[in-house]
There are 4 protein chains.
Amino acid sequence: MSFQEPIHDVAQLAMVELFTPKFEESLWFFHDVLGMTPTEDDGTSCYLRAYEDRYHHSLKLTRADHAGVGVVGWRAASPQALERRVAAIEASGRPGKWIEGHKGYGRAYEFTTPDGHKQHLFWEVEYFKPSAEQKSKLLSRPQKRPLRGVPVRRIDHINLFCSDVTKNAGFMQEHLGFQKRENVIFGGQDELACWLSVSPLVHEVAFTKDQAGPGNRLHHLAFWYGNQGQMLDLADILMEYDVRIEAGPAKHGVSQAYFMYVYEPGGNRIELFGDTGYLIFDPEWKTLTWTEENFFDGGGVWFGGELPQDFFVYGTPIVEAAAAAQAEAEAAVEPAE
Amino acid sequence: MSFQEPIHDVAQLAMVELFTPKFEESLWFFHDVLGMTPTEDDGTSCYLRAYEDRYHHSLKLTRADHAGVGVVGWRAASPQALERRVAAIEASGRPGKWIEGHKGYGRAYEFTTPDGHKQHLFWEVEYFKPSAEQKSKLLSRPQKRPLRGVPVRRIDHINLFCSDVTKNAGFMQEHLGFQKRENVIFGGQDELACWLSVSPLVHEVAFTKDQAGPGNRLHHLAFWYGNQGQMLDLADILMEYDVRIEAGPAKHGVSQAYFMYVYEPGGNRIELFGDTGYLIFDPEWKTLTWTEENFFDGGGVWFGGELPQDFFVYGTPIVEAAAAAQAEAEAAVEPAE
Amino acid sequence: MSFQEPIHDVAQLAMVELFTPKFEESLWFFHDVLGMTPTEDDGTSCYLRAYEDRYHHSLKLTRADHAGVGVVGWRAASPQALERRVAAIEASGRPGKWIEGHKGYGRAYEFTTPDGHKQHLFWEVEYFKPSAEQKSKLLSRPQKRPLRGVPVRRIDHINLFCSDVTKNAGFMQEHLGFQKRENVIFGGQDELACWLSVSPLVHEVAFTKDQAGPGNRLHHLAFWYGNQGQMLDLADILMEYDVRIEAGPAKHGVSQAYFMYVYEPGGNRIELFGDTGYLIFDPEWKTLTWTEENFFDGGGVWFGGELPQDFFVYGTPIVEAAAAAQAEAEAAVEPAE
Amino acid sequence: MSFQEPIHDVAQLAMVELFTPKFEESLWFFHDVLGMTPTEDDGTSCYLRAYEDRYHHSLKLTRADHAGVGVVGWRAASPQALERRVAAIEASGRPGKWIEGHKGYGRAYEFTTPDGHKQHLFWEVEYFKPSAEQKSKLLSRPQKRPLRGVPVRRIDHINLFCSDVTKNAGFMQEHLGFQKRENVIFGGQDELACWLSVSPLVHEVAFTKDQAGPGNRLHHLAFWYGNQGQMLDLADILMEYDVRIEAGPAKHGVSQAYFMYVYEPGGNRIELFGDTGYLIFDPEWKTLTWTEENFFDGGGVWFGGELPQDFFVYGTPIVEAAAAAQAEAEAAVEPAE
């Protein structure tokens, strides 16, 4: 029996840090429009959650000079799983170190993707505790659904711009147990994008070729509705309040996601994610590959309009700021000694 | 580190057999109304799939004297996983045996729940191969979406009536790796129902106390839309064509499912499953327990009307036929020799 | 040519006054949950609008000892139409008088239905003027869609409990030009309910037999979404915030409305109105009559659960307060001298 | 009192004839995909209805050499109204004549718009009579909702390409009683488009400047769902079955329509119309004018992607065929003698 059993050591995308140069406006977007609930603000960062997110935060919104992504936080499937993955990363030769004291979770292992995107992997988390007034009668809902905006339910996935899709994905596959569900390859050349998951979701992380920048940037962070109609309600509101919609509401062929991409006021691209698309339960799943031919005939957009050129080149930090950011990010992770 | 790591050996609910005493009418329901596609009919059974089901069939519709459920088919996560689970079942002392030659999958291990519901566990499956005309441009869709009825996308879960919820659930937890996500206990007494899964879904299988019958019956089989609006469209059609809707479209507190229960013409209760409710990614999930107090204040139905009395007592085979069926079912599984 | 041409003199249901004994809680409901915008509060009443209502207010929420309906305000189709209808009412012998100075509209003719429900008919209205911040880029939208709750778009219709359905409806038909679109008659006896309109809507006003009270009460006031999904979102929120849902979201056979009935905290039944049902353009429309047989087989509820007993007997003011209210209401309209 | 009272003599857009050079494929589209029901086929034309259309047909699909629109059929509001409108048209000096014997309606007055679009106005109609099997329990529904495709509910409106928007609209306003609800004027120049109605709908007819052709062409014919979700279902199916979607599903600012434009296989643009947008009840409605500035900031598309260039220039017959068609159409209406 030569079937390669999958690794189940990473449980979920738990928390992501975004940088914003327009903190108040970004907070308005996440709080008033997406209906997220702040847990605390330490002066540097405000910590927020969607109403069905279970932990201290799913979004760490950090005041900064430029937009972009900070730490991407993954929860391990068990304490043992955490140890196994750290051992694997260390064996890989990539630098990494244990860190302590981050708000919202305990001891974490910090490492980077080959491109330099900073990652934390941890087991211990701080659960959100609703006040009496916030408490929902729905046992599976950590707090009442808010009355603000069109509230998102939970964090879903992250899409990272990188200089080498295959290499970054390979690292996540080999050492963290992700499976490549779909990808895009034009003319038999380099992978342009791929979608990876550790669960039946099509992706918790995706990598997209950064054709306009140096890599190590954010393409987008996604929050989930699970519902088509709420996306239309949100689009209506975004138009009213002058938040830029880049594309959608529309349906991708890739992942079958009913999507909308918007720029939060700080400049980061946020995906709002409507219905679930499809879920993968088949253990023999083979990567689905879109080519130049079918990507433009249903793959990129199944219905609902084309993806604009910006979708393929815009990321944060924006290109001008990205070179500096790259240097910074690379300096931030020093090998454990 | 005492954290008990979960077992990932069962991948999915793959195929279920239903018995119908009104084959033509049942076939009309699954084919014309739910838009399922027949793979073949061997004179005894017709094999059908929802349009995003990937294998030879997800529903085996068998001509019979009475309604009810036949084999419940689970796909293992790997060949190794299949061996591990068979070893565990055998070690448990429950009878079981290997069988060969079932349409749609290879060598399978046949066993029963403590109540007697027949189960198959297998690794090898026959994939559905679309004709040129059936082939979809959507790579993740095994065939085009049909133009008939309001077509379901995939099989979702099964709910089994049983004489002892805890005992049946316990067997699936201990030997097959299911996790108990939610349950109902009134007055500190016996479990009335529970929902179990091997994936982020809240359930692939549920057990409900059979208060009116002998157990070993079907409560319902569920197919998935992933979409609220399609449920309303379907309800509209069911009313037009005189298919009985028992409850819904409405939202359960348990599982947050947007549901509708209907009786297919053969008498089996079918759940049509709208939006996904919630998904469980937290590896420390603890069973959510609904009690007499909160079950009737949002648990049974979060919104959309009450569950009628029938929901708690009707199952197939109907009670009159059930005693006979029970005897039959018990006789059907002989220990491997 | 004996075809009786319809009268087009009443343009629309424009404004309704509700009494509430729990003003703050009622205001929370209309403002925070239904997202209505207050225009002003004169200490006795707060005036509110849905975000696509065009005038000064569509709801006058009045502090009172008991729940119930005050003035029902209709806008005439033209100044000439107003004069014609006043002449017709005066010719009918029913008492009535001109009044001046009501907030939101000019000179109005005040009269009552045979049961005593107070009505105003007027031509001149005060239009809502949005502030710079409220102004929408959508030319047809008088203000931006609010970020609060699940906001309703406009007032839709009113349903009045009365002692004699046919008599009250007849008055509106004969003197105001309403057309009877659907009704309910059991066993060839008295009309139990009917739905009347002056436009392609199935109803701007309905009359329901008050079987538990003296008549001259409110059955419900309806606001419009035009959308199924928003009803499900609202239902979710109502459950969270303990607002009682009496029935729905579900679809009536009568009017094909996708409906939900809730009790605002002051006790008045409010209908939230999802999709439009159907519109009537056929000028030869004949009243559709539901009988005991088909009313309970799709008429009352096409899908989505039964109407509870309360739906047929509960109104405001509640029965205990209604006798007194009836006396008051009758005293309130004195014939013009 | 100088308020100009509106004319209520045209009740509705009842029936439209489309020409198709690919009859079988067009019939597949309207029958299998849009779920329309054929009434009869006389060898030249097939007559079809949406399931809530009340008359013999709403669509006359005619075999022809080229795509385009034939007769546009309006139902008068009464026999008297028909006479009044004919008198008005005749007084206007435009040619016209009475015709007899058209399938689906009685004596009709035939005339053309200034551009030459052929119109019929009539009072007597043949109602659709469902077979026992087609009969719905929903009294307001002329037949059961079909099980085919994503069935449309009724005809909604027509948009005509013309050489002079103001002139064509003016004719419909002055002589037929239409009201101009919205229009588009860039740079204070000629009207580019306008939307007219005789009911609370924003339009039963629209005129669009034919910038690429000679006018007297079809821009699109619209059918109504009244529902957002069904549009997404339909879009999914159209992609599967290779029907070209030109734009949408998306929301217009103009009319607030949730729309999708597709090319039926014969080449005619068909609009599928989701939710109702808004309804106009205000009798003092003033035309809303979109300019170059706001048309491209929410007017053309409120959300959901841009309108492609084709939307502004493509019509049927296609330009090459249009000159010939124009000559034909003009010859077809001879003044009554």
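In what follows, every chain begins at residue 1, and chains take the letters A, B, ... in the order their sequences are listed.
The ring of C:Tyr314 has its center closer than 6.0 angstrom to the ring center of C:Tyr263. Ring centers of B:Phe186 and B:Phe296: under 6.0 Å apart, within the cut-off. Taking the centre of each ring, B:Tyr51 and B:Trp224 stay at or above the 6.0 Å mark.
At least one donor-acceptor pair closer than 3.5 Å links the side chain of B:Asn294 to the backbone N or O of B:Thr291.
Using a 4.5 Å heavy-atom cut-off against chain B, the contacting residues of residues 233-245 of chain C are C:Ala235, C:Asp236, C:Met239, C:Glu240, C:Ile245. The stretch residues 297-307 of chain B places B:Gly298, B:Trp302, B:Phe303, B:Gly304 near chain C, each with some heavy atom under 4.5 Å from a heavy atom of that chain.
Salt bridge C:Arg154/C:Glu52: absent, no basic N to carboxylate O contact under 4.0 Å. Residues B:Lys209 and B:Glu191 are not paired through a salt bridge, judged by the lack of any N-O separation under 4.0 Å between the basic side chain and the carboxylate.
Counting only N and O atoms by type, the side chains of B:His157 and B:Glu271 include a donor and acceptor under 3.5 Å apart.
By the 30° and 60° cut-offs, the orientation of the rings of B:Phe311 relative to B:His219 is perpendicular.
Nearest approach of C:Gln143 to C:Thr37, heavy atoms of both residues: OE1-OG1, 3.1 Å.
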